Amino acid sequence: MWGSFCEQLKDCGRNGTLFVVALVPVFVAAPFGEIGVAALASVLLGLAVRACVVLVRPEKLPKLGRLPPLSQNDLAAARSKLLRQSNKN
């Protein structure tokens, strides 16, 4: 049984690894009852909050400097688009 389970996980690749990583804490927390499950949930919530904070940090966002000037064709297209929008209103 375990051999076929491992073969199936090999075929799943990266998703199989994520499944095992998510499944192991459930088996570790289950013998401790509600306290273990609550502790596992709090740890997972803390990790999720930390990941969100790291992803949203303003230092990580790219700094935009001055953009290069538009070509004459781009300027003409932008002007005509603005004129069309102002004529509709």
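Just so it is clear, the structure is predicted and the values come from calculations on it, not from any experiment.
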Donor-acceptor contacts under 3.5 Å from residues 31-46 side chains, at least two apart:
| unit_1 | atom_1 | unit_2 | atom_2 | d |
| --- | --- | --- | --- | --- |
| S42 | OG | A38 | O | 3.3 |
| S42 | OG | A39 | O | 2.8 |

**Asked** side chain to side chain contact (heavy atoms under 4.5 Å, CB included) with L70: which residues, sequence neighbours excluded?
**Response**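 Scan of L70 (side chain to side chain contact (heavy atoms under 4.5 Å, CB included), adjacent residues dropped) gives D74, L75.
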**Item:** Test side chain to side chain contact (heavy atoms under 4.5 Å, CB included) applied to N73 - qualifying residues, sequence neighbours left out
**Value:**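 Listed in chain order: S71.
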Result block: side-chain N/O donor-acceptor pairs under 3.5 angstrom for residues 47-55, not counting sequence neighbours:
none

**Message:** Under 4.5 Å side-chain heavy-atom separation, chaining through any Ile, Leu, Val, Met, Phe, Trp or Tyr, what else clusters with L83? Say none if it is isolated.
**Reply:**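 Members alongside L83: none; it stands by itself.
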